[in-house]
There are 2 protein chains.
Amino acid sequence: MKSKEKLQAAAAKLFIDKGFENTTVQEIASLAGVTERTFFRQFKDKSDVLFDTNNDLGQGVAAYITNNFDVEKNPLKLAVDGFVSISEFFDSSRERVLSRNQIIQSNPDLQERELLKGQVLITSISNSLSAQYDGDLSELAARFAVEIFHMAYIKWIKNAEKRLAEQLLTVYELYENSFCC
Amino acid sequence: MKSKEKLQAAAAKLFIDKGFENTTVQEIASLAGVTERTFFRQFKDKSDVLFDTNNDLGQGVAAYITNNFDVEKNPLKLAVDGFVSISEFFDSSRERVLSRNQIIQSNPDLQERELLKGQVLITSISNSLSAQYDGDLSELAARFAVEIFHMAYIKWIKNAEKRLAEQLLTVYELYENSFCC
DNA sequence: TTTCAGATGTCAGTTTGTGACACTGTTTTA
DNA sequence: TAAAACAGTGTCACAAACTGACATCTGAAA
């Protein structure tokens with residue numbers, strides 16, 4: 001086990017046990033059996049340990065978009081379907097997602113960082129759409145799609161009964177039926 | 001001049017002169033003629049000095065929404081018009097907005113914080129809409145409106161020729177003509 | 001085995017941010 | 001008016017987050 005993974009595991013445990021703000025980098029490092037200094041070599045700062053994932057979401061959605069392009073579909077629907085295509089991941093690791101979410105919601109700094117991921121998401125999706133559509137249109141569709149995902153994600157967090165894909169479609173239909181002309 | 005204002009002025013000057021990361025709270029405080037400790041009593045952290053505004057935007061847009069409710073209009077259009085109603089402020093202080101924007105773009109932490117303001121905006125707008133519309137619909141409209149504003153804002157930053165109101169309507173029309181059904 | 005690159009430790013230092021308490025001036029109230 | 005409450009600030013001591021420089025280790029290639 002590499003020290004990076006050990007640090008992530010240690011951080012996850014401590015953050016859940018005592019909260020993000022109440023655990024020091026010192027503690028994380030020593031639980032992982034390394035030095036504080038090596039923590040900061042692996043992660044750019046304390047919160048970074050929670051945000052390591054290299055935009056898997058964005059790549060997944062982007063891949064779906066480039067593989068399933070369909071002139072008939074509007075770009076927003078295409079992007080939302082992209083989210084649906086990766087939604088199974090969330091359902092299959094609900095526990096982990098929930099506890100991570102709980103940590104993030106407990107701290108404003110972490111919420112900010114989480115939002116930054118939204119921006120990265122927008123960029124990935126916008127780029128993949130712009131292979132087929134106008135640039136501005138792609139960006140707008142990407143932004144709206146991410147917002148639909150956000151809303152669906154929040155609903156999914158709060159309601160254990162429905163799958164994320166269902167929530168995504170529910171929100172999309174709300175859009176279609178309401179102010180879509 | 002209260003110490004809070006002195007600190008803000010000092011910070012603005014130093015951030016522009018030497019960049020955000022290269023200026024210490026120490027420097028800001030002594031330029032303002034107060035102690036570091038006083039700085040932290042006025043602002044919760046170093047970046048807070050840039051984000052003092054108490055959600056004026058949100059209140060402005062919300063006010064427009066509650067005063068101009070119109071059953072005929074869809075909530076998204078209403079919210080976008082709300083942004084149009086306060087857009088003159090941006091045009092009239094373009095210089096200040098631009099230099100502030102430059103500081104923020106130079107530092108990832110500040111960008112994150114800026115995004116958090118977007119969330120606050122969503123909440124204000126969503127709340128004011130939900131006096132007339134369904135809750136989920138209001139939230140979705142608020143989210144989309146803020147994204148339209150973001151896009152228009154970026155265009156406005158890049159292009160000195162057009163007013164913000166024009167950019168807002170351009171983006172809204174892009175939406176209407178493209179994937180609005 | 002030797003060598004060499006990459007990961008880690010060590011240490012000293014800067015910066016951010018906080019708690020506790022004392023001091024000053026202003027406003028309220030007895 | 002005198003006393004008491006209060007708000008803003010300074011001072012000091014300190015924890016915690018981060019960084020740079022350099023030493024040391026370790027594992028794999030030559």
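In what follows, chains are A, B, ... by sequence order, proteins preceding strands, each numbered from 1.
- The pair Asp136(A)-Lys155(B) meets the salt-bridge criterion, since a charged nitrogen lies less than 4.0 angstrom from a carboxylate oxygen.
- Rounded to whole Å, atom C1' of dC18(D) lies 12 Å from atom CG of Asp109(B).
- Between the CD atom of Gln26(B) and the P atom of dG10(D) there is a distance of 12 Å, rounded to whole Å.
- Side-chain atoms of Arg100(B) and Phe15(B), non-hydrogen and from C-beta on, never get closer than 4.5 Å to each other.
- Rounded to an integer number of Å, the gap from CG of Leu7(B) to C1' of dG10(D) is 14 Å.
- Ile28(B) has its CD1 atom 14 Å from the C1' atom of dG17(C), to the nearest Å.
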Nucleotide N/O of nucleotides 8-15 of chain C paired with protein N/O under 3.5 Å:
| unit_1 | atom_1 | unit_2 | atom_2 | d |
| --- | --- | --- | --- | --- |
| dT8(C) | OP1 | Ser3(A) | OG | 2.6 |
| dT8(C) | OP2 | Ser3(A) | OG | 3.4 |
| dT8(C) | OP2 | Gln42(A) | NE2 | 2.8 |
| dG9(C) | OP2 | Thr35(A) | N | 3.0 |
| dG9(C) | OP2 | Thr35(A) | OG1 | 2.8 |
| dG9(C) | O5' | Thr35(A) | OG1 | 3.0 |
| dG9(C) | N7 | Arg41(A) | NH2 | 2.5 |
| dG9(C) | O6 | Arg41(A) | NH1 | 3.1 |
| dG9(C) | O6 | Arg41(A) | NH2 | 3.3 |

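- Ring geometry, Tyr153(B) versus Trp156(B): the interplanar angle falls under 30°, so the pair is classed parallel (tilted spans 30 to 60°).
- Within residues 14-21 of chain A, no residue has any heavy atom under 4.0 Å from DNA chain D.
- You'll find the side chain of Arg113(B) reaches within 4.5 Å of the side chain of Asp48(B), heavy atoms only.
- Here Lys18(A) pairs with Glu27(A) in a salt bridge; the nearest charged N to carboxylate O distance falls below 4.0 Å.
- At a threshold of 4.0 Å, the pair Arg163(B)-Glu166(B) does not count as salt-bridged, since none of the basic side-chain nitrogens sits closer than that to a carboxylate oxygen.
- In this structure, Phe39(A) atom CZ and dT19(D) atom C1' are separated by 14 Å, rounded to whole Å.
- Within 6.0 Å of the NZ atom in Lys162(B), the count of heavy atoms belonging to other residues, nucleotides or ligands does not exceed 12.
- A straight line from CZ of Phe40(B) to P of dC14(D) spans 19 Å, rounded to a whole angstrom.
- Contact check on Glu139(B) versus Arg143(B) returns a salt bridge, with a Lys/Arg side-chain nitrogen under 4.0 Å from an Asp/Glu carboxylate oxygen.
- Summarising the geometry, the separation between CG on Asp45(B) and P on dA16(D) is reported as 18 Å, rounded to the nearest angstrom.
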